[in-house]
Structure formats: C-alpha cells, structure tokens
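Read the structure below first, then the notes.
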Amino acid sequence: MNMKLRKKATGGMALLLVLMSLAGCGGGAKETTTQPTPETKSTAQTDTDKPKEETKDTQGSDPKVTGDFEIQYFVGGYGDSWWKEMLGEFQKKYPDVKIKESAGSQINDQMKPRWIQGNPPDLVYIDGAGSNETQMVKDDQLMDISEWVKQAKNVDGEALTAPLIAPPQDYGGGKNYTIPLVFGSWGTFYDESLFKEKGWDVPKDWDSFLAVSEKIKAAGINPYIHTGKYPYYIVGGLLNSGFVSENGDNPQILKDQEANKEGSFKNDAVAKTLKKVVEMRDKGFFDNASFGITHTDSQMLFLQHKDAMIPNGLWVENEMKKDVPQGFKFGFIPSVMQKPGGKVVAIPYTSNIAIAKKAKNPDAAKAFIEFIFTKKEAVRWAELTGALMNVKADLDSSGASDVVKTAMKYFNDPATIVAPVFKLNADLEQTENDATIALLQKTITPEEWMDRMEKAAAKSR
Amino acid sequence: MNKAARPKPAGLWISKTVVRVLLLLWTLIVLYPVFWTFITSLKNNQQVMLGKPWDFPSVMHFENYANVWSRAHFGSYFMNSILVTAGSTILSLALASTTAYILARYSFKGRGVLYFIYIASMMIPTTLGLIPLFFLLNDMHLSNSLLGLTLVYSVGTIGILPLGIFFLVGFYKTLPKELEEAATIDGSSLSGIFLRIMLPLSSPGMITVGIMNALTVWNEYIMATVLINDPMKYTIPVGIAVMQGEMQYRTEWGPLFAGLSISMIPVIVMYVIYQRQITGGLTAGALKG
Amino acid sequence: MIKLNNKPKAGYAARRRLFIAGFLLPTFILFSIFTIYPLLRGLYLSFFDWSGGSETMNFIGFGNYKDLLDDEVIPGAIKNDYFLVFWKVILIMLFATFFAVSLTRLKLKEYGLYRVIFFFPNIISVSVIGVLWSFIYNPHLGFLNSFLSLFTQKSVDTNWLGDSHLAMWSLLPPSVWAGIGFYMLLIIASILGIPSSLYEAASMDGAGQWKQFTKITLPLIWEQFKTSIIHIVITTLNGSFIIVKLMTDGGPDNHTQVLGYYLYQMGFKQFHLSYGATIGVLILILSIITTLILQRLLRRDTIEM
C-alpha cells in the first residue's frame, strides 16, 4: 500500500511539474511574441524574423516615428520579399521604431481573434482567404482616413493619391478606409509558344474563342481549366467581363451587384453571359479535373499543357515561376466574351492596405504608407512580385514580367473598358461561387443561378 | 492451439485462408498510403507531375526534408503537442476519476442530475464553445498559451472529461465492494480508501481512458488553430495545416510530403516501441468497462 | 452504495459530505467554467445578430432560428451528416467486428501484428490524414486513379472530390480508414472477456463459427457494441467538420456540406458568428435526439442463451 501511495505522490508531482512548465510557457509567451522565443532552441531557424540591421545608419531619422509598430500582411502569390525589403528600409530610416511582423498564409485566421478582442495590429494588408475589407469596414475595425489621405504626401514629397491607378475606395459619403496597394487584372492566360507552335489563333472575341477551343479540343488538349475549389477565379476571369460586355459595355452592372441592387443579377446581360458559359460546358471545353482542385493544382496542369487556357489573375506568372517549363511563355487576354469587334473588358482587382481603428501607433502606420507609395517602390514591387502595384510607374525599363507589361498596355488602351474596382460581400461571393460550380456541373440552370443570386442579394439588403 | 473438438478442420482451414487474404489486403490499405507519403516526399515537382504516383523517385530529393525542416518548427510542434497532451490527459484523468468514483459509489441528492449533465455534455459541438472559450481565456490572460489550451482540452467542450467520467463510472461499478468495506473497518479514511484501494484497482480503466483521451488531444485541430497564434506554440495538427496552406501558394509537393513524413516518423517510432502498452492498454480497460 | 452504519463516530456524516464535495467540486467548477459557461454563452449569442468582428451586437430574438428554417443549405447538410453517421456506423462496425472476431476466434499467430497495424491510422493526426487523402484522390497526381487505370483500357480520370455525386462518398473511406482500429480493439477486448468454456461447449454441440458468433459472441459483446455505435454517432456529428474542411470545404456547391463545417463557414468565413452559434445549437439538439433514439433502438436483452 505504501508503495502505491508513493507512486501516487510521484504521479502528482509529475502532474504539478507539467502544469508548472506549461504555466511557464504561457506566462513567458505574452511578452516575447515580438521575437521568436529563444527557449525553443531545437528550431533555431526562423524565417519570419525582423530585419537584422536594426542599428545601422542613423542619419535622416524622423524623430516622430518611434515605438512599437505592428504590421499584418498575408503572404500568398506575391511572396514576402517585397515586404521584407520595405520593412528593412523603413527600419533604416527610422531606427527607433520597433517593427513586429505578423505574416503568413494563414495570418487572417490567426489574427482574427486579436481584431475581435480590440487588440489589432497597426497596419494591415488585406488579402487572401479569410479577409474581406468590406466586412472590416462594416465591423468598424478600420480607421477613417478620408481627411488624412487627401493631404498626405509620400516620402518623395508627391501627393499620396496623385500617382495611384485606382483611387481609395469610397465607402459611401466620401469616406475612405483603405488604399489599394496592389492593382491587377483578371483574364484568360495561355501559352504563347504552344499557340504559335500549333498554329492556333489567340482569341480576340467570343467567336474566335469558340473556334480555337474547338481546334484545341480536336488536338486532344482540354481547352479550359479552372480552379474548382475556389470558383472566384472563373467568376473573375470569365463571368464578370461577360456581364459588362453583354451590358452594352457598361460596367455599372458590377457596381450594382456590389450594392446588392435588385435585378442586378437577373437581367439580360447576366442571362446571355451564362448562356455562353453553358455553351462552353456543353461543348466539353472545361476540363473535368477542374472541380475540387486548388489554384496551384489547376495552374500546374495548365503549365503541363494538359489544358490550354485558364482564368486567373496577373499574379499567376510569379506564383508559378519555379515550375514554368522551358519554352513556356505566358500570354494574357483580359476578356473573351465580347462580340466580334467589341471592346475588350478588363476586370481589375485590388488588394488594400488599411490602418486599424484601434491602432496603437497610427503615426508609424501612416509613415509606412507614405514610405511605400512611391514610384521607386512600385517598380520594386513589379520586379519582386511580377505584379502591379497601384502606382503609375514606368515599368518598361524595369524587370517586370511581360504579362504585367501586356496588361499595362491594355489598361492604357482607350479601346479597353476598365471596369471599376468592386467586391461582393462574403455571402454573395459564396453564393456566386456555389451557383457557378453548380451551373458548370449541370445541377442548376442559368435561370436558377440568377434566382439564387437575387435571393442572396435580397437577403443582404 | 485449441485442439478441443474441431468439427470441420478442412472448412476451418479454408476460412482461415480467406480471412488471412482479407487481413493482408487491409494491411496493404492501411500501410500503403503511409509508404506512398514517404515515396512522394523524395520527389520533385517534375517527378510528381509525371502522373506515375507508383514509381519510386528516379533521383531522391532528400533536400525536401531540409527545406521543410528549416521552415517549419517541428521540434517545437512536438514539444508543444507532448506537453499539452500529457498535461490535459493527466488533469482530466484526475478530475474524472474522483467524480466517477463518487458517482459510482455514493448516493446523494442530485447524483442522477449530475451524471446526466456530464453525459449530455458529450454532445456539445466543439465548435459551439470556440468563440466563448476564446474570450474566456483572454479574460483569464491565458490566450495564446499552452496552459490555456491544456485547460480547454481537459475540461472544455472537446468532451474528454465527460467521456472519462462515463467510462470510469462503469468501471468502478464493476469493482467488488468487499475491499472497501474491509478497509473501512480497518479505519481507513474515505480518501485513503480511494487512493490506496480504488485507484490502483482501476488503473486498467484509467489507462484505457488515458489513451483514448490522449489520442483525441493529440489530433485536435480546431481549438488549437483558434486559441494559439504564435508559430512557436503550434501543436502538430496546426503546424501541418499551416504548412499545407503555405505549400499551396508555392506548389511544393515534395516538401509538403516531407513535412507529413517528419510529423509521422516520431509517432511511428513511439508507437512501435509502445504498441503493446497502447493497444494492450486500450483492451485491458475496455474488458471491464 | 456503501452503508457504513457500523461506524458510530461522531461527525461521520459531516466528513462524508466533505469528502463527496471535495471530490466533486473541483471537477464541477472547472467543468462549469470551461464547458457550461461556453455553452450558455453560445446559446445567448444565438439570439443576437453579430458578425463576430464589431463591438456591438443587436438582439434579434428568434431571428437566427427563423433564418435557420429558411436556409436551403441546412437540409442538405443534415442529410450529409446522417449519411456519414449511417455509413460510418455500418462500415466501421462491420469491418471492426470482422477483424476482431477473425483475430480472436480463429487464433491466428499473427494476431499481435495485425492488431498493431490496424490500429495504426488512429495515431496519425487528422490533418495528416486529410492532406494525404486529398492527394490520393487527386485526379491526375493521386494513386487511386493511377491504380484503377491498371485495370482499364483508358486511363481513369475520375474527379473524386469534385464530382457532385461522388464527393460525399469519397469522404467515407478516409473516415472509415481512420476509425476502424480503435473500435476493433474495443470489440477484441470484450471478446477476450468471454469465457472460452462457452465456445468449447458450443463446439461440442457442433455449432459452426457463424453460429458461435450469433449465439455467443454478439449477445455477449452487445454492450460494447452499443457503446461503440453511440460513440461513432456522437463523434461523427461533432467531428466530421475536420475532414470536410481539409478535403472539400463543403463543395462542390454544398454537396459535402455538413452542419459542423457550415457552422465554421458561417461563423468565421461569412462573418455571421451568431448564426454559427445557432447552427451549433441545432447540432446539439440533433445529437441528443439521435442518441436517445439510438439508446432505445439498441436496447436488447444482453444475453440470449
């Protein structure tokens, strides 16, 4: 019996020790989040640290930017090298500021509790799954920057908004909460080399798109693949431009959809666009593998020439750069649904940066915005990410990718309709995604697609 | 071998063979995916894209392991998972066994109600408690801490406490009362009886519950995702899911599978060493439960 | 219950009360804080309109519950939940019982080895299983299609997780694969608890394996059987969320939507946290009703000999 008791006692001690060590971790954690905790030595390598050169170069420091400055940014197709470089330079310029980066591919989910609890970072770059600036504005999480943005100047002394391609979005009543940082376009991508080799014509409109798809299919390649698990790719790259074309080239339809206006999802333009999608479907142009796969899987298949065309955004070239086979040359067409002779429609997207309403160091956040919105950093963005920053800059001499340069040409061409930036709310986006997949799988008709959307829009009003 | 009265030895031989084939088949189904993970972890993207998932890699890309090791913090994931699993298994056992003993052996007012509350709470969806628990931990200054996570696992809505109570009440009821009665006559205190007699007697049941609960905690994903956001405090399931997310943006199948392999290797090693205790422990307690 | 009347010490009743309280209270207090409070809090939330991000919540009474009734996704999700419950119970119990009986009753030498191997999937993290099986199913890269192509003229390119008819079925194998070992062990344990004299007597009477199974094994392991089924049901209703999240996100077009994932999607991805809580209440109610019905259905005389 005594033995047993002793065993129990030691068991109890062990429990106590475990709990104490846990408590130790828990307690120590609170203040050490800025730096990777040193105690976990087994994992010495950390890649998401802060810039190393903290105390170099003290000249030109601006005394007003000090204290802790926390930035949250999503790391996806653009990578994080641009951010690392910007934060490094920012640190050099303001050596007294203590930068904390909260970054990664899951950062939106991870930071969500902090936002709810009213302890957000100072600055946030809103992008990737789980982020939605419309919702953040609705939830009163972002700072009203309407006044500041009007008079702010970037570090080159230029008015902040002057060189922007897309102006800060108006959230009603002239209120601004966000500034677009990334600007790009949805569209259809193809391999120029393959098209040249096979003698296929790059589609210029709907008729030539159908014709070339027929040829591609005959050659034993799937004409079109999309990202079935994330249907917003095909919505952005195919459907939305169709809505505008069929609406007499009037992009107002997209803004109406964004505003949940009655009838904006059920009308002639939408019906005709969906009819075209159904035509593609019934002719067997879509790769059956599309459904249920992620963007990178679909992009891989596209790179391997299992599929000839893919709806995507300008980031795709950079995202896939290490897997691009020899001789592959990205080609880009903003839209394919226009009538012969009709105008090309470019559906832009932006990803925004915003200051938290409860930012503890809004001055640092503002200083950082003024620091990055310059032509120089826009060129760096293009070079490092292969995509476009929302600042008009001369990219021709830069290392930006050909696709980006092509896209720039379309944007500058008066014959292109550039739709305004818009974003559906999360409910409508989900409904549109689901309905589009259902349409492609023949489980619903175009009529039902429109009814579903109208119903969802009515609910959101 | 049981030689007693075997009516149809030939028939038995046939059925044994059929059964053996089926068992082998299932063995293959269980082990092949794991084996495939290891093969794929040594391939690069070109090899994966060949569309020949069966093939061995022509060139072994061991660097996938170095690659993923340097980016994810597997060492701390393991430590965290072990701490949290050990902590919450022990704590919930301590809390469940005392309550179960009383519920099994003592009658008092409200006993039925209390038992019902515990049993019904097994049906609370884990996710329903998620947000309230987040705020609760925050108020207690336990958010983003392993201690907070341990408490949530031990007594929160993932339901291992009620499972332990349910199981152990059944177990205590199967134990004979004579020993306790004798000890009472010897003048043992009530808590002495529990500690010196009942606890040792119930150890098979405790081990079974402990293993069941440890498995649940070891694999728990959603609570850990929401309650922990410091990469150095991730548990293995969270680390894996985050890694999958990141690999998605880089199309790195080889490193992803290398990561899966790394996360499995220590588990497999531990399991091979302690398999007798684990599978044996589960059966020993369940025998009576 | 222990009646200790032969202990005439004064204050015994008080000590007994103290002992009971001392053993019950710590557990109950912690349980109240970490389980009951969150539950009540979740219930409370379901009467508000709250995105989960803002600082203010609007009381809307039963508004969320009305929405629940009108929500067209809900019936499909419930159907899918019970699809999983039904097939998981059938398949897991069938396999687990078959393996358990084969391993114990046939007295195979390899018993120990198989026991270890079959339990193996249970120790692998669910996230690993989800990622792994997504790749097994991958139409072009996975080995399932590649394996099936060995038997067909044309190479198989079935889109297991993307096809609206197949996707739900495709979620079953990983769930069953990962579940069998555990229940097999539980059943093995109860079979080992059956006195071997019963089987010997039956053999003498000329009863074959099947007869022995139906007449001896099944009745005697019925309690364990019942517990296992209820455990599968509860863990499925509560936990199928994870496999859906890792493999399909509820798609295509909600064809693999289950309540647990819908709760997550509504609460965390579509910013209707209070509506998510309402779905949680629905899951709780359904689980309780299902368990009660099952208890009744599975009631049966434990021993029929």
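The chains referred to below are lettered A, B, ... by the order of the sequence lines, with proteins before strands, and numbering in each begins at 1.
- Using a 4.5 Å cut-off between heavy atoms, I33(C) contacts chain B through both its backbone and its side chain.
- Only the side chain of T227(C) comes within contact range of chain B, judged by heavy atoms closer than 4.5 Å.
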Do T99(B) and F23(C) pass the side-chain contact (heavy atoms from CB on, under 4.5 Å) test, and can you show the C-alpha distance, the side-chain angles, and the key distance before you say yes or no? CA-CA 6 Å; T99(B) 293; F23(C) 264 38; over 6 Å; no
Could you pull out every donor-acceptor pair under 3.5 Å between side chains of residues 127-136 of chain C and any protein atom, sequence neighbours left out?
from, atom 1, to, atom 2, distance (Å)
S127(C), OG, P237(B), O, 3.2
S134(C), OG, G130(C), O, 2.7

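- Heavy atoms closer than 4.5 Å to chain B are found in both the backbone and the side chain of F147(C).
- For the set Y44(C), Y264(C), F268(C), the entry with the most heavy-atom pairs within less than 4.5 Å of chain B is F268(C).
- Heavy-atom pairs under 4.5 Å with chain C peak, among V19(B), V30(B), I240(B), at V30(B).
- The part of L103(C) that comes within reach of chain B is its side chain, from C-beta onward, which places non-hydrogen atoms under 4.5 angstrom from that chain.
- Contacts with chain B were tallied for I123(C), I283(C), L263(C), I187(C); I123(C) has the most, counting heavy-atom pairs under 4.5 Å.
- For a residue to count as touching a neighbouring chain, one of its non-hydrogen atoms must lie under 4.5 Å from one of that chain's; by this rule L130(B) touches chain C with the side chain only.
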Carefully, step by step, assess V267(B) and I124(C) under the rule side-chain contact (heavy atoms from CB on, under 4.5 Å). CA-CA 8 Å; V267(B) 183; I124(C) 304 181; over 6 Å; no
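- Here F194(B) and F19(C) keep their ring centres 6.0 angstrom or further from each other.
- For a residue to count as touching a neighbouring chain, one of its non-hydrogen atoms must lie under 4.5 Å from one of that chain's; by this rule S32(C) does not touch chain B.
- No donor-acceptor pair closer than 3.5 Å links the side chain of W253(B) to the backbone N or O of L141(C).
- Each of F31(C), F95(C), Y37(C) has some count of heavy-atom pairs under 4.5 Å with chain B, and the biggest count is that of F31(C).
- Here the shortest heavy-atom pairing between K16(B) and L106(C) reads CE-O, 3.0 Å.
- Partners of R20(B) under the salt bridge (charged side-chain N to carboxylate O under 4.0 Å, His left out) rule, at least two apart in sequence or in another chain, are E110(C).
- With hydrogens and angles disregarded, a donor-acceptor distance shorter than 3.5 Å links the side chain of N238(C) to the backbone of I124(B).
- Of the listed residues (G142(C), S149(C), G260(C)), the greatest number of heavy-atom pairs within a distance under 4.5 Å of chain B belongs to G142(C).
- By the 4.5 Å heavy-atom criterion applied to side chains, W218(B) and V126(C) are not counted as neighbours.
- Contact annotation for L24(B): both backbone and side-chain heavy atoms come within less than 4.5 Å of a heavy atom of chain C.
- Most heavy-atom pairs under 4.5 Å with chain B, from the set N145(C), V116(C), I288(C): that is V116(C).
- Within the 4.5 angstrom heavy-atom criterion, only side-chain atoms of L215(B), from C-beta onward, approach chain C.
- Both the backbone and the side chain of F119(C) come within contact range of chain B, with heavy atoms under 4.5 Å apart.
- A perpendicular orientation is assigned to the rings of F118(C) and W26(B), their planes being inclined by more than 60° (bins at 30° and 60°).
- The contact between S263(B) and chain C is made entirely by side chain atoms (from C-beta outward), counting heavy-atom distances below 4.5 Å.
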Report the C-alpha distance between L137(B) and F34(C) in whole Å, list the side-chain angles of each, state the deciding distance to 0.1 Å, and finish with yes or no for side-chain contact (heavy atoms from CB on, under 4.5 Å). CA-CA 9 Å; L137(B) 287 191; F34(C) 285 91; 3.9 Å; yes
